[in-house]
Structure formats: C-alpha cells, structure tokens
A.B. asks: 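Dropping the structure in here first, questions after.
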2 protein chains.
Amino acid sequence: MDKNKMKHLPHKTIERLSQYRRALLLCHAQGQTHIFSHEIAKIQHITAVQVRRDIMLIGYTGTLRKGYNIEELIALIGRILDTDEGIKACVVGIGNLGRAFINYFKGKRTKLSIVAAFDNNPNKVVKNFCNTETFHIDELERIVKQKGISIGIITVSPEAAPEVTEKLVKAGIKGILNYTPKPVNVPAHVYLEEYDMITSLEKVAFFVKTHSE
Amino acid sequence: MDKNKMKHLPHKTIERLSQYRRALLLCHAQGQTHIFSHEIAKIQHITAVQVRRDIMLIGYTGTLRKGYNIEELIALIGRILDTDEGIKACVVGIGNLGRAFINYFKGKRTKLSIVAAFDNNPNKVVKNFCNTETFHIDELERIVKQKGISIGIITVSPEAAPEVTEKLVKAGIKGILNYTPKPVNVPAHVYLEEYDMITSLEKVAFFVKTHSE
DNA sequence: TTCACAATGTTAATTTATTAACAATTTCTT
DNA sequence: AAGAAATTGTTAATAAATTAACATTGTGAA
C-alpha cells in the first residue's frame with residue numbers, strides 16, 4: 001500500500017490491525033486459507049463493517065465469494081506494522097510485570113523483539129530471563145545504544161518511573177510504553193503510550209455498578 | 001450529582017475520572033488543598049479544557065480563583081466510581097501477571113478490592129499472596145458466590161482463557177477484565193474489557209516507525 | 001440462462017470525543 | 001475604585017470513530 005496513506009491510518013485501526021493479525025496467525029496455523037469479514041468480526045467482538053473498512057483503508061481487496069486470503073492479509077499487515085530491519089525493545093523493571101511481559105512476548109513476533117531487561121536490584125540481574133539478557137540499570141544507556149533499542153517498556157515502581165523515563169530519553173529511545181500509574185513526561189519526538197491497570201478495573205467496576213442499578 | 005446523568009457519562013470520561021482521582025489523592029497526601037484545571041491537565045498530558053469539561057459533566061463547580069477543592073472532588077469522583085458496599089474482584093491465574101496485579105493493587109482503594117486468587121496449579125495455591133487468599137480453580141464458583149465477587153480478572157494462559165471465562169460467567173460474575181490475547185465471549189449482561197500488551201507494543205512500534213520515516 | 005444470494009468495497013450519516021471560543025466572575029494591582 | 005489578569009463553565013465547532021446504506025459482483029441453483 002501507499003506509504004503516504006499509511007501514516008494517516010487512524011489510531012484505532014492500527015490497534016485493530018494488530019489484533020486481526022493475531023487472529024489470522026491462529027487461523028493460518030490451523031490450516032485455514034481464507035476468512036470472511038464477519039468471521040474476523042466475531043472473533044474480535046466488533047462489526048463486519050468495521051473490519052471491511054479497516055481492510056479497505058490499508059488497500060487490500062478480498063475475493064467476493066471466498067473472503068480474504070489469510071496469508072496475503074498477514075503479509076500486508078506485516079508491511080504496515082513491522083519494519084524490515086525489525087524493532088528492538090527493552091523492559092525496565094524486572095518485577096512481576098516485567099517478567100510477565102518478557103515471558104508473554106517470547107517468540108511471538110519476529111520483527112519486534114525484547115532484547116534486554118534492566119533493574120536496579122543486582123539480585124535480579126544475575127542471570128538471563130527467558131533468553132532475554134538482563135543488566136543493571138546503570139548500563140541502560142550503553143546497552144540501548146549498542147543494541148540499537150528504540151522502545152522502552154517501563155514496569156518499575158511508580159516512584160522510579162520519572163527517573164527511568166529520563167534515562168531512557170537520554171539514551172535516545174524513540175517510544176515508551178509506561179505501565180506505571182504515574183504519568184511521565186517525554187519530549188515531543190518520543191512517542192508515549194500509558195496504561196494503568198487500576199483504571200481498567202475501575203472502569204469495569206463502574207459499568208458493573210451502573211448496569212445493576 | 002444526578003444519578004440519571006451519571007449513566008450517560010462518556011466512556012473516556014470515566015477512564016479519566018479514575019486517573020484524576022489518582023492524581024488528586026497524591027496531591028492530597030502532600031497537603032495540597034486546591035488545584036487548577038491546567039495543573040491536572042499537565043499531570044495527565046491532556047488539555048485543561050478537557051479537564052474542565054469532564055468536571056462539568058459530573059456537575060462539580062470549582063471556585064474561580066482557587067480552582068477545585070481536592071477533597072471535595074475526590075469525594076465526588078468516589079460517589080461516581082465506587083459503590084457504598086464496595087465491589088469485590090478476583091484474579092484467575094497466579095502467574096507473573098496475576099501476581100503483578102494483586103501486588104500492585106494492594107491497599108490502593110478501599111471500595112474496590114481483590115479478595116481471592118485462583119489457579120489450577122496446586123503449587124501456586126499453597127499460601128496467601130499479599131494478603132489475598134488463594135484457591136484452586138475448582139473452588140471458583142463456590143468462593144465467588146460465598147464472597148459476593150462480581151469482577152473477574154483473567155491472567156491465565158491464552159489457551160485457558162475460554163474455559164476460565166465460562167467458569168466465571170457460570171459463577172455469576174458481572175464484569176470481566178481479560179488480559180489474555182485471546183478474545184473471549186460473554187453473554188450480554190456481563191461487561192467485558194480486554195487488554196493485550198502486544199497490541200500496545202505494536203502500536204508504539206508503528207508510531208516510532210512512521211515518525212522516523 | 002437467469003435469478004437470487006452472499007459477500008465485498010465505498011460513500012454517506014451518525015455518534016462520540018476533542019478542541020476552540022468566549023462570557024462571567026473573582027482577585028489582585030495600581 | 002477601576003482595570004487588568006486569570007480562571008471557570010458552557011456553548012459551538014471540529015475531528016475522529018463507528019455504523020448504516022447500498023451498489024457491485026461472483027457463484028450456484030432452478
């Protein structure tokens with residue numbers, strides 16, 4: 001697809017493309033070759049129109065009676081979400097959440113990989129975790145530059161978040177995913193995404209509450 | 001505020017209210033008594049207008065030259081997000097992520113609490129974790145009913161997600177927060193929120209990629 | 001062959017969310 | 001006391017996201 005258009009894909013479409021791919025990979029692994037928009041929709045709990053619209057936006061065309069070719073669609077989503085060289089990320093904070101992330105991500109994607117993990121507690125740096133090399137936080141800048149890491153995932157305690165962010169920015173990171181409840185500040189050229197588990201839980205609680213009133 | 005209006009608060013406003021409260025609690029703990037919309041905005045990386053609009057929607061009014069009374073605002077957000085009796089949640093899957101959630105949530109809120117954790121591995125059920133009682137998954141239905149748990153947080157492996165969901169629904173749960181990459185199906189009366197870490201990371205990667213092209 | 005069906009692709013309409021604009025008002029300064 | 005500055009509250013405008021509507025087109029059945 002046209003690179004110019006690619007930049008203007010809506011945020012929500014990007015998120016869904018990632019999810020489509022995940023579902024498609026699963027179907028592909030099971031030997032399925034084609035899929036209809038309403039099948040994807042069912043899996044993702046959204047409407048078939050939305051699926052077709054997203055796919056239209058990325059410029060792919062299915063066949064009328066067989067739906068979308070799964071392999072082709074996976075490849076195209078890859079061309080949009082991935083880069084040829086691959087993107088490297090690191091986890092900062094080897095606690096439960098950091099470990100969950102590394103463990104969970106292991107071997108899932110080829111073009112996006114977690115190549116290092118950092119912690120300030122020397123006890124947590126003694127050995128590799130799930131094939132991911134671990135380092136002391138003081139080595140962050142050196143390792144980030146040496147390995148060409150462009151994304152940092154923050155899973156430290158909230159108090160440590162600002163300091164860690166600063167270190168990451170200083171090391172030249174391009175994007176940050178902050179799992180701390182403390183919002184952090186980054187310069188404009190760094191893309192920031194924040195997620196807080198408590199907010200999600202409180203949201204669920206709110207809708208549970210209002211539904212039952 | 002009027003209960004009728006409360007139901008119609010936008011989803012995004014609900015999320016932000018949760019975040020405002022968190023920030024406000026912090027300010028309050030530091031002895032601050034009032035806060036301006038632009039101060040809240042700065043913390044949350046949003047605009048002051050949005051803050052004022054959200055606060056308008058919940059029917060609160062600040063004072064013109066001092067801003068918002070932090071205690072009052074915290075109390076009001078509490079009346080919207082919380083219930084008098086409190087809401088109980090449980091974690092299913094005592095792996096790294098489940099532990100992270102429990103540990104992280106501990107003591108943060110009074111009206112929303114994680115009162116149980118389940119796992120199918122007996123080795124993980126031997127003792128309490130962070131003051132949260134742990135049980136074998138077979139006890140789920142009994143415990144959920146006994147304790148009046150209304151929210152389930154799924155942190156098991158993707159393969160186990162559908163089965164766990166079914167158990168939770170069968171036990172009468174009202175809301176589910178699914179951290180598995182596998183979308184699950186629930187009946188209409190159960191509120192479902194799903195979050196996938198890989199999608200977030202791929203989104204960051206995409207914007208890092210497009211920014212640098 | 002022809003017709004009905006089931007699917008895609010796309011434009012238009014609608015809804016939801018954000019941002020802009022600005023009146024109103026209190027406090028501070030002079 | 002008068003005027004400037006700063007801040008809220010709210011309506012109007014804009015932008016983003018979703019949904020509806022429908023034309024189009026292969027395919028299979030009668």
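For clarity, every value in this text was computed on a predicted model and none was experimentally measured. Within every chain, numbering begins at 1; the chains are lettered A, B, ... in the order of the sequence lines, protein sequences first and strands thereafter.
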A.B. asks: Classify every nucleotide of nucleotides 24-30 of chain C by which part a protein heavy atom approaches to under 4.0 Å, writing B for the base, S for the sugar-phosphate alone and - for neither, in 5'-to-3' order.
C.D. replies: -BBB---
A.B. asks: Would you classify Thr13(A) as touching base, sugar-phosphate or nothing, given that sugar-phosphate means primed atoms plus P, OP1 and OP2, and contacts are heavy atoms under 4.0 Å?
C.D. replies: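 Answer is nothing: Thr13(A) stays at 4.0 Å or more from every strand.
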A.B. asks: Report, as yes or no, whether the 6.0 Å neighbourhood of atom NZ on Lys170(A) holds more than 12 heavy atoms from other residues, nucleotides or ligands.
C.D. replies: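 Counting other residues, nucleotides and ligands, NZ of Lys170(A) stays at 12 neighbours or fewer.
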A.B. asks: Rounding to an integer number of Å, can you tell me how far Ile14(B) CD1 sits from dT16(C) P?
C.D. replies: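 After rounding, the reported distance stands at 14 Å.
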A.B. asks: Within the supplied structure, the quantity of interest is the number of heavy atoms (other residues, nucleotides, ligands) at a distance under 6.0 Å from Lys182(B) NZ; does it exceed 12?
C.D. replies: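 Incorrect, the count does not exceed 12.
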A.B. asks: Could you check how far CD1 of Ile58(A) sits from C1' of dT10(C), rounded to whole Å?
C.D. replies: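 That distance rounds to 16 Å.
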A.B. asks: Which whole-number value in Å describes the distance from Glu72(A) CD to dT8(C) C1'?
C.D. replies: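 My rounded result for the distance is 15 Å.
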A.B. asks: Let me know the distance between CG of Asp54(B) and P of dT19(C), rounded to the nearest Å.
C.D. replies: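 Answer to the nearest Å: 11 Å.
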A.B. asks: Using atom OH of Tyr60(A) as one end and atom P of dT8(C) as the other, report the distance to the nearest whole Å.
C.D. replies: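 The answer, rounded to whole Å, is 11 Å.
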A.B. asks: Would you find more than 12 non-hydrogen atoms of other residues, nucleotides or ligands less than 6.0 Å from Gln32(A) atom CD?
C.D. replies: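 Count over threshold, so yes.
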A.B. asks: Using the rule given for side-chain contact (heavy atoms from CB on, under 4.5 Å), can you reason through Gln50(A) versus Gln44(A), listing the C-alpha separation, both sets of side-chain angles and the distance that settles it, and then say yes or no?
C.D. replies: CA-CA 11 Å; Gln50(A) 184 138 78; Gln44(A) 302 295 143; over 6 Å; no
A.B. asks: Between atom NE2 in His34(A) and atom C1' in dA7(C), what is the gap in whole Å?
C.D. replies: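 The distance from NE2 of His34(A) to C1' of dA7(C) comes to 13 Å, rounded to the nearest Å.
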A.B. asks: Sub-3.5 Å donor-acceptor pair from the side chain of Lys88(A) to the main-chain atoms of Val144(A), do we have one?
C.D. replies: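 Such a contact is absent between Lys88(A) side chain and Val144(A) backbone.
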A.B. asks: Should Asn69(A) and Thr63(A) count as side-chain neighbours, where that means a heavy-atom distance under 4.5 Å?
C.D. replies: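 They are not in side-chain contact.
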A.B. asks: Salt bridge check, Lys147(A) against Glu133(A): does any charged N sit closer than 4.0 Å to a carboxylate O?
C.D. replies: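 Yes.
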A.B. asks: Counting only N and O atoms by type, is there a donor-acceptor contact under 3.5 Å from the side chain of Thr13(A) to the main-chain atoms of Asp54(A)?
C.D. replies: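 Checked: no pair found.
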A.B. asks: Should the pair Phe36(A) and His38(A) be assigned to parallel (<30°), tilted (30 to 60°) or perpendicular (>60°) ring geometry?
C.D. replies: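 Aromatic pair Phe36(A)/His38(A) classed parallel.
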A.B. asks: From the 5' end of DNA chain D to its 3' end, which nucleotides mark the outer limits of contact with chain B, defined by a 4.0 Å heavy-atom distance cut-off (strictly under)?
C.D. replies: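 Answer, 5' to 3': dA5(D) to dA12(D).
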A.B. asks: For the pair made of CZ in Arg53(B) and C1' in dT18(C), what is the distance, rounded to whole Å?
C.D. replies: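 Computing the Arg53(B):CZ to dT18(C):C1' distance gives 8 Å.
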A.B. asks: Would you mind telling me which residue lines up with the more 5' stretch of DNA chain C, His11(B) or Gly67(A), judged by nearest nucleotide?
C.D. replies: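 In this pair, the answer is Gly67(A).
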A.B. asks: Measure the distance from CD on Gln50(B) to C1' on dT18(C) and round it to the nearest whole Å.
C.D. replies: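 Computing the Gln50(B):CD to dT18(C):C1' distance gives 6 Å.
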A.B. asks: Assess whether a salt bridge exists between Asp82(B) and Arg109(B), defined as any Lys/Arg side-chain N lying under 4.0 Å from an Asp/Glu carboxylate O.
C.D. replies: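 Answer for the salt bridge query: no.
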A.B. asks: Please give me every residue in residues 36-44 of chain B whose heavy atoms get under 4.0 Å of an atom in DNA chain D, ordered by residue number.
C.D. replies: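 Heavy-atom cutoff 4.0 Å gives Phe36(B), Ser37(B), His38(B).
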A.B. asks: Parallel, tilted or perpendicular: which describes the rings of Tyr195(A) and Tyr195(B), with under 30° parallel and over 60° perpendicular?
C.D. replies: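 Parallel, since the angle between the ring planes stays under 30°.
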A.B. asks: Give a yes/no answer on whether the side chain of Arg52(B) brings an N or O atom under 4.0 Å of OP1 or OP2 in dT18(C).
C.D. replies: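 The answer is no; no side-chain N or O of Arg52(B) sits under 4.0 Å from OP1 or OP2.
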